[in-house]
Each structure stands twice: as structure tokens, then as C-alpha cells.
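All figures in this text were calculated on a predicted structure; none of them were measured in a lab.
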Amino acid sequence: ENASMVNTLSTTLRVREEEMASVTTQKDAAEQAQHAAVTLIDSKVTEVEQTLTLLRAESIRADRAQSLVTSLQQELRQLKEEAAAAPPPAPTVAAHPIALRFSCADAACV
């Protein structure tokens, strides 16, 4: 009877050891999967941070470009206003009525 009991306990102990080994293997596999997931998440976070940095840089460039466009539009308006307010240009000699009467084809030009 003692031998049977020892045999039963020995079998029970071996089953428990196998269960513990299986649990340990599952635990190791879960830890590896968790580590892989954390690594993947870290890489995605880095990727998102890099994208945000690029978007911020593009936003700054766009803001600067918009500022330049606005400045150039203001300058153009100012130049148009100045041109509209300026007196008309003086007539050139060729446009003067007396100059129109005489041309190099006339004898007076020779």
C-alpha cells in the first residue's frame, strides 16, 4: 500500500512538474510576445513622432510662404496705388506735334 501511494505521489509530482514546465513555457512565450508588441508600438510611436516633426516643418514653411505671398500682395497694391497717383509721363519728342510734322524723310532732316 505504501508503494502504491509513493507511486501515485510520484506520478502526481511528475504531472505537476510537467504542468509547471508548460506554464513556464507559456509564460516565456507571452513575455516574448509582449516584448515584440512593445517594440512594435515603440517603432510606431517613433514613426508618428517623425511624421509630426515633418508636418510641423511643412506647416512652418507654409506659414512663411503665406506670409511672403501676403507681403508681396500688399507691395503690389501699394505699387499700383503709387502708379495710379503718379502724374502721366511727359511726352517724348517723337510724340510731340511739331516733331510729327518733320520726319527724316523730309528735306529739312537732311
(request) Going by the side-chain contact (heavy atoms from CB on, under 4.5 Å) test, name the single residue among Leu40, Thr46, Ile41, Val45 that passes it with Ser43. (result)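 So the option named by the test is Leu40.
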
(request) Could you tell me whether a side-chain N or O of Thr25 sits under 3.5 Å from a main-chain N or O of Ala21, the two making a donor and an acceptor? (result)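 Yes; judged by distance alone, with no hydrogens or angles, the pair exists.
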
(message) Nearest 0.5 angstrom please: Lys44 NZ to Thr39 OG1, how far?
(response)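 Atom-to-atom, Lys44:NZ and Thr39:OG1 are 13.0 Å apart.
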
(request) Working to the nearest 0.5 Å, report the span between CG of Leu79 and CD of Gln74. (result)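 It is 12.0 Å, given to the nearest 0.5 Å.
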
(message) Counting only heavy atoms from other residues, nucleotides and ligands, does the tally under 6.0 Å from CD of Glu75 exceed 12?
(response)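 Atom CD in Glu75 is not crowded, with 12 or fewer foreign heavy atoms closer than 6.0 Å.
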
With [X], which residues qualify under side chain to side chain donor-acceptor pair (under 3.5 Å), at least two apart?
X	answer
Arg14	none
Gln78	Glu82
Glu49	none

(request) Name all residues meeting the side-chain contact (heavy atoms from CB on, under 4.5 Å) criterion together with Gln26; count only those two or more places apart in sequence or in a different chain, and write none if there are none. (result)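 If we apply the side-chain contact (heavy atoms from CB on, under 4.5 Å) test to Gln26, skipping adjacent residues, the hits are Ser22.
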
Without placing hydrogens or testing angles, list every side-chain donor-acceptor pair under 3.5 Å for residues 2-13, not counting sequence neighbours.
unit_1	atom_1	unit_2	atom_2	d
Thr8	OG1	Ser4	O	2.8
Thr11	OG1	Asn7	O	2.8
Thr12	OG1	Thr8	O	2.8

Which pairs of donor and acceptor atoms, one on a side chain in residues 61-71, lie under 3.5 Å apart (sequence neighbours left out)?
unit_1	atom_1	unit_2	atom_2	d
Arg61	NE	Glu58	OE2	3.4
Arg61	NH2	Glu58	OE2	2.6
Gln66	NE2	Thr70	OG1	3.3
Thr70	OG1	Gln66	O	2.9

(message) Salt bridge or not between Glu31 and Lys27? Use side-chain N to carboxylate O under 4.0 Å.
(response)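 Judged by the 4.0 Å cut-off on N to carboxylate O distance, Glu31 and Lys27 do form a salt bridge.
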
